[in-house]
Protein chains: 2
Amino acid sequence: MKTLRVPEATVTRLSIYSRFLERLDKNGVTTVSSGDIAEGVGVSPAQVRKDLAYFGEFGTRGVGYNVKDLMKYTLRILGLDKSWSLLLVGAGNLGFALCTYKGFNMRGFTIKAVFDNHPTKVGKQIGDLEVQSLDSFENMVEKYDAKIGIIAVPPKAAQEVADLMVKTGLKAILNFAPVALNIPDNVELRNVDLSVKLEILTFNLGFHEAENI
Amino acid sequence: MKTLRVPEATVTRLSIYSRFLERLDKNGVTTVSSGDIAEGVGVSPAQVRKDLAYFGEFGTRGVGYNVKDLMKYTLRILGLDKSWSLLLVGAGNLGFALCTYKGFNMRGFTIKAVFDNHPTKVGKQIGDLEVQSLDSFENMVEKYDAKIGIIAVPPKAAQEVADLMVKTGLKAILNFAPVALNIPDNVELRNVDLSVKLEILTFNLGFHEAENI
DNA sequence: TAGATTGTTAATCGATTAACAATC
DNA sequence: TAGATTGTTAATCGATTAACAATC
């Protein structure tokens with residue numbers, strides 16, 4: 001069996017191509033070349049073709065790719081041909097923003113329940129969800145057959161929440177708390193760190209200034 | 001001159017080491033080895049030493065690193081030995097969450113002004129900031145000597161906001177809108193894409209299932 | 001001194017880029 | 001057919017890992 005390991009960078013770009021293709025499709029574009037995609041998302045045409053080649057042959061030489069087809073293929077590859085139930089822990093401002101974030105729904109993600117252990121938060125309404133105590137977490141995992149949890153609690157509480165998610169059988173965690181979590185290998189973990197990218201910017205700003213001296 | 005290009009991955013990790021060192025320092029730890037750091041943030045000891053070696057020799061053989069010193073060095077390298085003024089455009093839920101996000105302040109970032117062009121948003125209070133119309137953007141860039149802008153508007157409005165930021169002289173942009181922005185080379189741009197990492201998770205979940213068949 | 005740990009070099013690994021034959 | 005564009009291979013580039021001399 002041909003089990004070529006797919007670089008994570010390729011998956012990241014695939015997600016971006018996929019969204020770009022949705023936009024083209026919405027605008028009525030029917031055919032697209034690797035060069036068009038490359039220009040639209042800011043990579044090289046060779047990169048686009050190489051990335052797609054990990055998964056099959058989707059284009060026609062001399063012509064390009066059918067937008068609707070390629071869009072569907074990329075969505076399927078990413079696992080987005082079905083919808084995903086998310087459980088969110090942390091009903092602070094970030095949790096609230098994530099609950100109402102349109103970008104998730106547009107890609108087939110639905111936050112089914114929000115949890116927080118702070119007494120002032122429990123019972124609060126966020127959109128059409130009522131914030132629940134963590135006591136009901138396990139029940140909700142079952143009820144919604146959830147596989148993915150989102151952590152949006154302060155750093156100190158994050159590991160405890162992660163442990164709960166692992167214990168209750170979630171298979172993947174998206175962590176917004178700026179700490180390194182300890183998680184068994186069979187659970188997927190990715191971190192979104194809101195300030196790291198900002199620090200890359202300040203690093204680069206400082207560096208450029210230094211070069212001018 | 002020794003101008004070794006620093007990989008962006010190294011800068012990213014440096015930001016993470018830096019925060020870990022702050023935590024150690026707060027806990028009263030005075031000395032740390034590359035192995036300790038590696039374990040704390042989930043990389044290899046060799047990686048830690050290699051990353052630091054881009055910037056100098058900060059440790060003592062046989063001993064390790066002085067926590068407080070290394071913390072200060074990493075902060076300085078990242079440009080965080082001074083504070084940074086941020087201008088945020090987009091007073092939706094995400095903008096609100098970013099305004100109140102503690103993680104920024106803890107690293108020396110302060111959002112000085114929030115902007116939105118929607119009539120229902122202008123004048124609204126977010127913490128101690130009043131949402132302003134974009135008409136005052138240029139004035140605020142000057143007033144706060146801002147170098148960095150944050151975009152937290154819907155995808156369709158993002159390019160227009162980016163153009164304004166470039167025109168008014170900002171040097172770096174952190175973009176939360178899920179679109180590829182067109183920006184001149186002399187302005188730094190980084191994107192935080194909230195759903196891409198989620199899609200890496202679903203990709204990996206699907207892939208693992210397939211392997212079991 | 002013996003043990004520990006750094007800084008650095010060389011080896012390995014992996015990802016990107018360039019080039020081009022295949023083919024519509 | 002001529003022009004365009006894919007899929008794929010080979011070459012290049014860059015980052016990570018392993019190993020170890022230096023040295024506290």
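First the proteins, then the strands, lettered A, B, ... as listed; each starts at 1.
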K.L.:
For B/Glu138, give me all partners under salt bridge (charged side-chain N to carboxylate O under 4.0 Å, His left out), at least two apart in sequence or on another chain.
P.N.:
none
K.L.:
If you measure from the Lys or Arg side-chain nitrogens to the Asp or Glu carboxylate oxygens, is any gap between B/Asp25 and B/Arg23 under 4.0 Å?
P.N.:
no
K.L.:
Check B/Arg13, B/Arg19, B/Arg107 against A/Asp193 for a salt bridge (Lys or Arg N to Asp or Glu O under 4.0 Å) and give me the one that passes.
P.N.:
B/Arg19
K.L.:
Measure CZ/A/Phe55 against P/D/dT6 and give the value in whole Å, please.
P.N.:
18 Å
K.L.:
For A/Leu21, which of A/Leu70, A/Leu75, A/Val29 qualifies under side-chain contact (heavy atoms from CB on, under 4.5 Å)?
P.N.:
A/Leu70
K.L.:
Produce a footprint string for nucleotides 19-24 of chain D: one letter per nucleotide, 5' end first; B if the base is under 4.0 Å from any protein heavy atom, S if only the sugar-phosphate is, - if neither.
P.N.:
B-BBBB
K.L.:
Rounding to an integer number of Å, can you tell me how far B/Glu57 CD sits from C/dT5 C1'?
P.N.:
13 Å
K.L.:
Please tell me which of the listed nucleotides, C/dT17, D/dT5, D/dG7, lies nearest to the side chain of A/Ser44?
P.N.:
C/dT17
K.L.:
First locate atom CG of B/Leu134, then atom CG of B/Asp116, and finally report the distance between them rounded to the nearest 0.5 Å.
P.N.:
7.5 Å
K.L.:
Would you please indicate if the ring centroids of A/Tyr17 and A/Phe20 are separated by under 6.0 Å?
P.N.:
no
K.L.:
Are the charged groups of A/Glu22 and A/Lys72 less than 4.0 angstrom apart, N to O?
P.N.:
no
K.L.:
Could you check whether the rings of B/Phe58 and B/Tyr73 sit parallel, tilted or perpendicular, using 30° and 60° as the cut-offs?
P.N.:
tilted
K.L.:
In plain terms, say whether A/Lys197 and A/Glu199 are close enough for a salt bridge, that is, a side-chain N and a carboxylate O under 4.0 Å apart.
P.N.:
no
K.L.:
With a 3.5 Å cut-off and sequence neighbours excluded, list the donor-acceptor pairs that the side chains of residues 163-174 of chain A form with protein atoms.
P.N.:
unit_1   : atom_1 : unit_2   : atom_2 : d
A/Asp163 : OD1    : A/Gln159 : NE2    : 2.8
A/Thr168 : OG1    : A/Leu164 : O      : 2.8
A/Thr168 : OG1    : A/Met165 : O      : 3.2

K.L.:
Rounded to the nearest Å, what distance is computed from the CD1 atom of residue A/Ile37 to the C1' atom of nucleotide D/dT6?
P.N.:
12 Å
K.L.:
Could you tell me how far apart A/Leu52 (CG) and D/dT6 (C1') are, to the nearest whole angstrom?
P.N.:
10 Å
K.L.:
Take the protein atom CZ of B/Phe58 and the nucleotide atom C1' of C/dT6, then report the distance between them rounded to whole Å.
P.N.:
13 Å
K.L.:
Side-chain N or O of B/Ser34 less than 4.0 angstrom from OP1 or OP2 on C/dT6?
P.N.:
yes
K.L.:
Using whole Å, what does the distance between atom P of nucleotide D/dT16 and atom CG of B/Leu14 come to?
P.N.:
13 Å
K.L.:
Regarding B/Arg49 and B/Asp51, does a basic nitrogen lie under 4.0 Å from an acidic carboxylate oxygen?
P.N.:
no
K.L.:
For DNA chain C, what residues of residues 16-24 of chain B have any heavy atom nearer than 4.0 Å?
P.N.:
none
K.L.:
Just wondering, do A/Val153 and A/Phe176 contact through their side chains at under 4.5 Å, heavy atoms?
P.N.:
no
K.L.:
Would you please enumerate the stems DNA chain D participates in, each stem being three or more consecutive Watson-Crick or G-U wobble pairs with both distances under 3.5 Å?
P.N.:
C:3-24 with D:3-24
K.L.:
Using the 3.5 Å cut-off, write out each protein N or O paired with an N or O of nucleotides 9-15 of chain D and the distance between them.
P.N.:
unit_1 : atom_1 : unit_2 : atom_2 : d
D/dA15 : OP1    : B/Arg5 : NH1    : 3.0

K.L.:
Between OG of A/Ser85 and CD1 of A/Ile111, what distance do you get to the nearest 0.5 Å?
P.N.:
11.0 Å
